[in-house]
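Just so it is clear, the structure is predicted and the values come from calculations on it, not from any experiment. All heavy atoms count here, side chains included; hydrogens, waters and symmetry mates do not. Chain identifiers are assigned alphabetically (A, B, ...) following the order of the sequence lines, protein sequences preceding nucleic acid strands; residue numbering begins at 1 within each chain.
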Amino acid sequence: MNTNNPLARMVAKIRNNSSPLGMIGLVIFAIIVLLAIFAPWIVPHNPFAIDATKRLIPPFWVEGGSTTYILGTDHVGRDILSRLIYGGRVSLLVGLFAVIISGAIGLLLGLLSGYLGGTWVDHVLMRIVDAILAIPTLLLVLVAVVVFEPGLMTLILVIGLTSWPQYTRLVRGEVLSVKEREYVQLAQTLGTSHTYLLSRHILPNVVSSFIVVATIGIASAILTESSLSFLGLGVQPPDITWGGMLNDGRNYIATSWWIATFPGLAITITVLAITFVGDWLRDALDPRLKTRRGWK
Amino acid sequence: MAFLKRSVLQIVPTLFILTLIVFGLVYVAGDPVSMMLPENATAEDRALLEEALGLNDPFFVQYLNYIKDLITGDFGNSLQYREPALQLVMERLPATLTLSLMAMGIAIIISIPLGIYAALKRNSFLDFIISGVSILGKAMPNYWIGIMLILFFAVMLPIFPVSGAETPIHFVLPSVTLGVALAAEMTRLIRGSVLEVLEQEFVQTARSKGQKEFIVVLRHVFLNSLIPVVTIVGIQFPQLIGGAIVVETVFSWPGVGRLLLFSIGASDMAVVQAIVFVIALITIVANLITDAVYRILDPQIKYK
């Protein structure tokens, strides 16, 4: 194996550090992704079809339920299971693309800030990071959603554009410490170009902790998306979201608990699966982060 | 004194950027005029009002005027309530702060004993359970926890009320809901921090001197592991307030979160701005307090 290739080294590290929990997470996540992709061909019923005669049917194991609607129906007679399968689409799309946007911005600015550590560029960037981190992410996203029309694109952009500071801070710290290493110092004195130094010496050393944090970032983005949809400010009906389903079920909690319960479970399971994968990557790629974040 | 100077040096630029963000968003959102005028207003009415509000001035001038108003505490009037926006926010702030502080209290009460226990009995069955539950606690959306708590403790077992904030019993479900994620995060961190302290020399020394395990844990391990916990509490504060916005909706809590959603729905930008600003200010102050407490805790305990 070519051990000089940082990517190959990373894959090898992940392989060598097997984790049962991580594997379970990966499998569950893969299933959720496949369900979302193939939703139109898998769903047992039309998730949008309203049928007043089939309102509030409980799950099959509860009295009055039937195996036709395994997880029951909602307040307008739509099949919960079918809606759950569709709901994953929005969450996964937002989670993935929001992290691509915030990760790209965060990585770039972090490299810049760390590489120019101590200069005015670094100071200005860090003050901006401080200012954004002082506002709760959800608050920032809420305000931004109002300014632009709520919808899938807005959600991805807004979550992506508001959650980069954490990556910037992480990458900057890593760059600062890598810069102190002897071989980088040596390369610098030898007059190696900035691009070469950044791409060959600094970036490969920063990438593993970045990937770990970005993985967990997908989970946070999904939680933010579902909160917004729950508040009615996310992707709008008739598009299906887990947060939106939860909001529908809220008013029926006293009589029909299943409407709000299952979407919450879906969110929790998705976030858990991603967390397991993230923890696995962390243990394999960046054991230092482990102690820093509390696990030993 | 040095601390004070450093704090001011940090706060001022942060506040400056904050005002730019908040003002910028509202500038882009624009068109308060059509909100304020009746449907049948003429183009001249519009022009007059725009001129009166200074909306025709360049961005820079508008921004400076905005800052001037901010310094005097004037966030403008709410379109909905026809009251000063800041006053509206201040009226509702105590409810949100109480909720957040109660949640934090619950998180501290749960996480300290669990975190210490899990670390002391590392890799035991209970450690496994505690660690597992804390991962779960972070994965569940807080509004869902709220709804499930309502299902279990208000519907199935009618113990607690589901909405309002009149009596102490009203606080139970909302603050538990808000506190779960924080408790989970803190348990994880305290466990890690205690494990680190346990490995340090002075703990071994204290043990080898024959001190009782209980004393060792309390005096050396517990106090030292508190230091990182203080930082975490500070870091988590903005997320806690953010969580409060959603939890308030679930429990119809009369706080800033509900005011925010209501104002967003009505495009009442003066109130929205005031809320963002006040919450950010609270976060900054909380971070400063954290920093100060950290400084007080650290040298004293470390070199005892």
Side-chain angles (χ1 to χ4, degrees), chain A residues 21 123-124 126-148 219 222-224 226-228 230-233 242-243 246-247 249-250 253-255 257 260-261 263-265 267-276 279 290-296, chain B residues 10 13-18 20-22 25-26 28-29 119 122 131 135-136 138-145 147-148 150-151 154-156 185 187-193 195-196 238-243 245-246 249-250 260-261 264-265 267 269 272-273 275-276 279-281 283-284 287:
Chain A
L21 221 50
H123 285 302
V124 169
M126 280 305 108
R127 287 294 85 78
I128 297 177
V129 165
D130 283 347
I132 298 183
L133 287 178
I135 316 173
T137 319
L138 191 67
L139 186 60
L140 207 57
V141 173
L142 272 176
V143 176
V145 165
V146 185
V147 175
F148 314 100
I222 289 180
L223 281 174
T224 309
S226 74
S227 299
L228 283 172
F230 173 72
L231 295 173
L233 294 165
W242 290 334
L246 245 161
N247 193 22
R250 208 174 117 202
I253 194 66
T255 48
W257 54 267
T261 304
L265 269 179
I267 299 169
T268 307
I269 291 171
T270 310
V271 172
L272 265 184
I274 298 172
T275 310
F276 287 157
D279 283 356
K290 202 173 181 176
T291 34
R292 216 186 292 158
R293 288 191 54 218
W295 281 134
K296 258 205 141 176
Chain B
Q10 267 192 331
T14 308
L15 282 181
F16 169 69
I17 294 163
L18 194 67
L20 267 183
I21 296 174
V22 174
L25 274 176
V26 177
V28 177
R122 185 180 173 184
S131 301
I135 293 179
L136 191 67
K138 275 199 70 188
M140 294 186 288
N142 58 11
Y143 51 92
W144 186 60
I145 297 177
I147 293 172
M148 289 300 109
I150 290 179
L151 176 63
V155 176
M156 289 160 82
E185 177 77 10
T187 307
R188 237 170 116 125
L189 283 155
I190 290 170
R191 179 183 178 276
S193 147
L195 278 178
E196 232 163 80
Q239 299 319 322
L240 195 63
I241 300 228
I245 297 171
V246 192
T249 312
V250 176
L260 176 69
L261 283 173
I264 284 176
S267 294
M269 288 319 272
V272 173
Q273 282 183 2
I275 291 174
V276 175
I279 288 182
L281 211 59
T283 311
I284 293 170
N287 282 339

| field | Contacting moiety of B:I264, where chain A heavy atoms sit under 4.5 Å | value | both
| query | Say you draw a straight line from CG of A:L139 to CG of B:L260; how long is it, rounded to the nearest 0.5 Å? | reply | 6.0 Å
| task | Enter the distance from A:I253:CD1 to B:I150:CD1 here, rounded to the nearest 0.5 Å. | result | 7.5 Å
| Which one of A:V124, A:I274, A:L265, A:N247 has the most heavy-atom pairs closer than 4.5 Å to chain B? | A:L265
| request: Heavy-atom distances under 4.5 Å only: say whether A:L231 touches chain B with side chain, backbone, both or neither. | output: side chain
| said: Using 0.5 Å steps for rounding, measure from the CD atom of B:E185 to the CD atom of B:Q239. | reply: 10.0 Å
| Looking at B:I190, B:V272, B:T249, which makes the most heavy-atom pairs under 4.5 Å with chain A? | B:T249
| request: Give, for atom CE of B:M140 and atom CD1 of B:I145, the distance between the pair rounded to the nearest 0.5 Å. | output: 4.0 Å
| task | Among A:L223, A:V129, A:L246, A:I267, single out the residue with the greatest number of heavy-atom pairs under 4.5 Å to chain B. | result | A:L246
| said: With chain A as the partner, which of B:I279, B:L281, B:L240 has the greatest number of non-hydrogen pairs under 4.5 Å? | reply: B:I279
| query | chain A heavy atoms under 4.5 Å from B:M148: which part of the residue, side chain, backbone, both or neither? | reply | side chain
| task | Output the option from A:D130, A:T255, A:L272, A:L140 having the highest count of non-hydrogen pairs under 4.5 Å with chain B. | result | A:L272
| remark: Of A:T261, A:L142, A:I128, the largest count of non-hydrogen pairs under 4.5 angstrom with chain B goes to A:T261
| Looking at side-chain heavy atoms only, is the closest gap between A:V271 and B:K138 below 4.5 Å? | no
| note | CD1 (B:I147) and CH2 (A:W257) are apart, to the nearest 0.5 Å, by 14.0 Å
| Considering only heavy atoms, which portion of B:L261 lies under 4.5 Å from any heavy atom of chain A: side chain, backbone, both, or neither? | side chain
| query | Do A:I222 and A:T270 have side chains that get closer than 4.5 Å, going by heavy atoms? | reply | yes
| task | Would you mind checking which part of A:A260 comes under 4.5 Å of any heavy atom in chain B, side chain (CB onward), backbone (N, CA, C, O), both or neither? | result | both
| message | Is any side-chain heavy atom of B:Y143 closer than 4.5 Å to one of A:S226? | response | yes
| query | Using a cut-off of under 4.5 Å for heavy-atom pairs, which of B:N142, B:T187, B:V276, B:I284 has the most such pairs with chain A? | reply | B:V276
